[in-house]
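Data block below; observations after.
The chain is numbered in sequence order, starting from 1.
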Amino acid sequence: MEKIKMLTPLVEMDGDEMTRVLWKMIKDELINPFVDLKTEYYDLGLVERDKTLDQVTIDSALATKKYGVAVKCATITPNKQRVSEYNLKEMWKSPNGTIRSMLDGTVFRAPIIIDSIKPVVKNWNKPITIARHAYGDVYKDTEFRIDVPGKAELLFTSVDGKEERQTIYDFECAGVLQGLYNKDSSIESFAHSCFKYAIDTKQDLWFSTKDTISKKYDQTFKLKFQEIYDKYYKEEFEKLGITYFYTLIDDAVARVIRSEGGFIWALKNYDGDVMSDMVSTAFGSLAMMTSVLVSPDGKYEYEAAHGTVTRHYYKYLKGEETSTNPIATIYAWSGALKKRGELDDLPLLVSFSNKLEEACVKTLLSGKMTKDLVNLVSDNTKVAVLNSLDFIKEIRKNLELLLK
């Protein structure tokens, strides 16, 4: 068949370790044979980020602003051990954090659900979408270690030179110190994105923080959400028969576990990171979770919600066979191609993306899957455990049938 044409390139952000290996397999088997792929390529692997002093990450975010749609492979956020392992110049910050801050968007994460895999939480029968604020907090923190006793203070100097300071703690021994921040403008963008997404998908929206403890920081989120809801979205929510409510995060966790699903759960940056892992694992697997960053001005960056699968990568380097689940990474590609097709009015590209996702589901429902899903399938499903490449090739067979 003639390859499907593209008009505008995707911003392609390559990554690290096992997901980088899968990235190439997916392109070779599922994208390039069918699509005349146009991308602006950025290598966000840790070696290249170190080589460019992380400028490549900034460049990829700027390209996303320019072209509007990006697809990203999982990347390493280095810790002390990684600095030694890769002989890095410094402990570079999270590339996801950098990109999210530059786009000032909201991350929406939702599980990929198939009939043969039942959630661990038995009453969940509808997807739970995590809406994660993608700016500030611990991902843009300032921190240092305190090695001697002394007084730690929080100091703010206004543009007219006025100072406001508070003592954080009088250290009588060694310790650690961390400073976080956020901006009203970003919190407001986050709220608008969540309310619009709830209206678009006709789902209830829950929002939770810990304002009883964080009486300024978390309370600002709570108040901004309520203010924006009352002013801009309350009437539309009531018309659609959907609800918005706020509750403390500990109460929200209990409510989520007791629920049947089918709603959006909005959370601050780190809370959203943790809870999306919890939700995806309870639905089946981290490798079955979609993730898209949406900026207030309509830019999109699609990625898998999981990491670089380091343990499998070390096995791969030894020449050992791995059975790593590529589904979330495939859905990152399908999501980005679908959005590119929608924006450029290319129905063939949109159709291809839908059929790629359908091929993934058909393959899984036939019992052909990677090792991580085997213990999750219902008892009456006959399972064939495949390595990563063979699994992708099975998806290709189903895709070719769907494209005929």
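No side-chain donor from either of Y244 and D204 sits under 3.5 Å from a side-chain acceptor of the other. Y181 and D137 share no side-chain donor-acceptor pair at under 3.5 Å. No hydrogens or angles considered: nothing links the side chains of E394 and N398 as a donor-acceptor pair under 3.5 Å.
Side-chain atoms of E303 and N96, non-hydrogen and from C-beta on, do get closer than 4.5 Å to each other. The closest side-chain heavy-atom distance from E188 to D184 is below 4.5 Å. Y42 places none of its side-chain heavy atoms less than 4.5 Å from the side chain of E12.
N182 and G136 get closest at one heavy-atom pair: ND2-CA, 4.0 Å. Contact between T64 and M13 at its shortest, heavy atoms only, is OG1-CE, 3.2 Å. Contact between A134 and G105 at its shortest, heavy atoms only, is CB-O, 3.0 Å. Of all the heavy atoms in S291 and V107, the pair that sits closest is OG-CG1, 3.3 Å.
Salt bridge absent: E358 and K355 never bring a charged side-chain N and a carboxylate O closer than 4.0 Å. We find that D344 and R340 are joined by a salt bridge, their nearest charged nitrogen and carboxylate oxygen being less than 4.0 Å apart. In summary, K93 and D141 engage in a salt bridge, as defined by a charged side-chain N under 4.0 Å from a carboxylate O. In this structure, R49 pairs ionically with D16, as a charged nitrogen and a carboxylate oxygen lie closer than 4.0 Å. Under a 4.0 Å N-O distance rule, the pair E357/K338 qualifies as a salt bridge. Ion pairing between R82 and E90 fails under the 4.0 Å rule for side-chain N and carboxylate O. Salt-bridge check for D251 with R255: passed, with a basic side-chain N closer than 4.0 Å to an acidic carboxylate O. Using a 4.0 Å cut-off between charged side-chain N and carboxylate O, K210 and D250 make a salt bridge. A salt bridge is absent between E301 and K72: the closest approach of a Lys/Arg side-chain nitrogen to an acidic carboxylate oxygen does not fall below 4.0 angstrom. Remark: D170 does not engage K151 in a salt bridge, criterion side-chain N to carboxylate O under 4.0 Å.
Cation-pi geometry between K234 and Y229 is not met: the NZ or CZ atom fails to fall both under 6.0 Å from the ring centre and inside 45° of the normal. Cation-pi geometry between R132 and Y139 is satisfied (NZ or CZ under 6.0 Å from the ring centre, within 45° of the ring normal).
Side-chain atoms of S276 never come within 3.5 Å of backbone atoms of I130 as a donor-acceptor pair (strictly under, hydrogens ignored). Between the D211 side chain and the S214 main chain, no donor and acceptor come within less than 3.5 Å of each other. At least one donor-acceptor pair under 3.5 Å links the side chain of S280 to the backbone N or O of D277. With K65 contributing its side chain and M102 its backbone, the two residues share a donor-acceptor pair below 3.5 Å. A donor-acceptor pair is defined here as one N or O able to donate and one able to accept, closer than 3.5 Å; such a pair exists between the side chain of T52 and the backbone of V56. Under the 3.5 Å distance criterion, the side-chain polar atoms of N123 are matched with a main-chain donor or acceptor of S259. The backbone N or O of P296 sits nowhere less than 3.5 Å from a side-chain atom of K299 that would complete a donor-acceptor pair. Put simply, the side chain of S353 gets close to the backbone of L349: a donor and an acceptor are under 3.5 Å apart. Between the side chain of S366 and the backbone N or O of T363, at least one donor-acceptor pair lies under 3.5 Å. Not a single donor-acceptor pair under 3.5 Å links the side chain of T322 to the backbone N or O of H312.
In Y232, the OH atom is not crowded: 12 or fewer heavy atoms of neighbouring residues, nucleotides or ligands sit closer than 6.0 Å. Taking a 6.0 Å sphere around CD of E143, one finds it holds more than 12 heavy atoms contributed by other residues, nucleotides or ligands.
The six-membered or imidazole ring of F225 lies near that of F190, with a centre-to-centre distance under 6.0 Å. If you look at F108 and Y197, their ring centroids are closer than 6.0 Å.
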Discussion item. Please evaluate residues R396 and E400 with respect to the criterion salt bridge (Lys or Arg N to Asp or Glu O under 4.0 Å), reporting the C-alpha separation (whole Å), side-chain torsions for both, the decisive distance (0.1 Å), and the verdict.
Written reply: CA-CA 6 Å; R396 178 172 177 169; E400 287 172 340; 3.1 Å; yes

Discussion item. Run the side chain to side chain contact (heavy atoms under 4.5 Å, CB included) test on F195 and E236 for me, step by step, so that the C-alpha distance in whole Å, both residues' side-chain angles and the decisive distance to 0.1 Å come before the verdict.
Written reply: CA-CA 10 Å; F195 289 123; E236 186 68 18; over 6 Å; no

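Between Y135 and H133, the two ring planes are tilted [angle within 30° to 60°]. Using the six-membered ring where Trp is involved, Y233 and F237 have ring planes that are perpendicular, over 60° apart on the 30 and 60° scheme. Ring geometry for W206 against F263 counts as parallel: the plane angle stays under 30°, on a 0 to 90° scale with 60° as the upper cut.
To the nearest 0.5 angstrom, Y313 atom OH is 9.5 Å from T308 atom OG1. The CG atom of L22 sits 8.0 Å away from atom SG of C73, with the distance rounded to the nearest 0.5 Å. Of the inter-residue distances, the one linking L205 atom CG with I264 atom CD1 reads 6.0 Å to the nearest 0.5 angstrom. Atoms CZ and CE, from F283 and M278 in turn, are 10.0 Å apart once rounded to the nearest 0.5 Å.
Paired with L103 under the rule side-chain contact (heavy atoms from CB on, under 4.5 Å), one option of T98, L62, L293 passes, and it is L293.
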